[in-house]
Chemist: 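Dropping the structure in here first, questions after.
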Amino acid sequence: MRVGPTMAPRRDSPNCGKPPAADVAQHLGISVDPSEVVVVPGGKPIMFFTILALVEEGDEVLYPNPGFPIYESMIRFVGGKEVPYGLREAHDLT
């Protein structure tokens with residue numbers, strides 16, 4: 001990230017970002033440019049790529065617990081130190 005952009009050219013259909021952008025606008029009231037929507041095959045790959053891009057050796061990484069079981073192993077894989085924080089039902093974090 002220090003040397004330049006991290007986005008690669010889109011390899012998917014130029015129209016595939018339109019439905020998710022419209023859904024976000026309708027349900028959350030947020031305007032999203034369809035060209036900025038990234039469609040991925042599930043949650044794990046994009047979480048891994050994000051952690052891989054942002055976490056450096058020795059960084060402490062907060063992650064929700066309970067959460068995806070893969071968080072801890074991804075953080076350790078890139079050399080980070082996992083720091084769980086508790087999610088409590090009383091806080092209505094649904």
Side-chain angles (χ1 to χ4, degrees):
M1 289 178 51
R2 291 182 182 95
V3 294
T6 58
M7 295 296 291
R10 290 183 74 125
R11 300 275 187 244
D12 56 14
S13 164
N15 293 321
C16 77
K18 289 181 181 178
D23 188 67
V24 168
Q26 178 182 352
H27 291 95
L28 300 178
I30 300 170
S31 177
V32 176
D33 184 336
S35 70
E36 295 181 357
V37 173
V38 177
V39 179
V40 297
K44 286 183 185 177
I46 200 66
M47 290 180 349
F48 177 69
F49 297 145
T50 302
I51 290 171
L52 192 60
L54 299 177
V55 178
E56 297 182 7
E57 183 79 33
D59 284 352
E60 291 187 341
V61 180
L62 291 169
Y63 72 94
N65 188 12
F68 283 103
I70 199 80
Y71 283 144
E72 287 181 68
S73 61
M74 284 185 202
I75 294 165
R76 279 194 303 264
F77 177 80
V78 299
K81 178 179 179 357
E82 65 276 6
V83 180
Y85 65 88
L87 293 179
R88 293 181 177 75
E89 189 174 350
H91 294 151
D92 194 28
L93 299 173
T94 57

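Since we're looking at a predicted model, the values are computed, not measured.
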Chemist: Which distance, rounded to the nearest 0.5 Å, do you find between the CD of E72 and the NZ of K81?
Modeler: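 Rounded to the nearest 0.5 Å, the CD-NZ separation comes out at 10.5 Å.
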Chemist: Within this structure, what is the CD1-CD1 distance for the pair I75 and I70, rounded to the nearest 0.5 Å?
Modeler: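 Going from the CD1 atom of I75 to the CD1 atom of I70 covers 10.5 Å.
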Chemist: Heavy atoms only: give me the nearest P66-L87 pair and the separation to one decimal.
Modeler: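 The pair with the smallest heavy-atom distance is O-CD1, 3.3 Å.
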Chemist: Measure the spacing between CD of E82 and OH of Y71 and express it to the nearest 0.5 Å.
Modeler: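 Spacing of CD (E82) from OH (Y71) equals 14.0 Å.
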Chemist: For I46 and T50, work out which heavy atoms get closest and say how close.
Modeler: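 Scanning both residues, the minimum pair turns out to be O-OG1, 2.8 Å.
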Chemist: Looking at CE of M74 and OH of Y63, how far apart are the two atoms once the value is rounded to the nearest 0.5 Å?
Modeler: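 Answer rounded to 0.5 Å: 12.5 Å.
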Chemist: Identify the heavy atoms of G80 and V55 that sit nearest to each other, and give their distance.
Modeler: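 Smallest heavy-atom distance, with atoms named: CA-CG1, 4.0 Å.
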Chemist: Return the NZ to CG distance between K18 and D33, rounded to the nearest 0.5 Å.
Modeler: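 Separation between the atoms: 10.5 Å.
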Chemist: Which heavy atom of G17 sits nearest a heavy atom of V37, and at what distance?
Modeler: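 Answer, listing the atom of G17 first, then V37: O-CG2, 3.7 Å.
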Chemist: How many angstroms lie between CD in Q26 and CG in L28, if you round to the nearest 0.5 Å?
Modeler: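 Rounded to the nearest 0.5 Å, the CD-CG separation comes out at 10.0 Å.
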Chemist: What is the minimum heavy-atom distance between D59 and L54, and which atoms define it?
Modeler: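 Reported closest heavy-atom pair: OD2-O, 3.9 Å.
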Chemist: Could you tell me which non-hydrogen atom of C16 sits nearest to which non-hydrogen atom of P20, and how far apart they are?
Modeler: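 Heavy atoms only, the tightest pair is O-CD, 3.3 Å.
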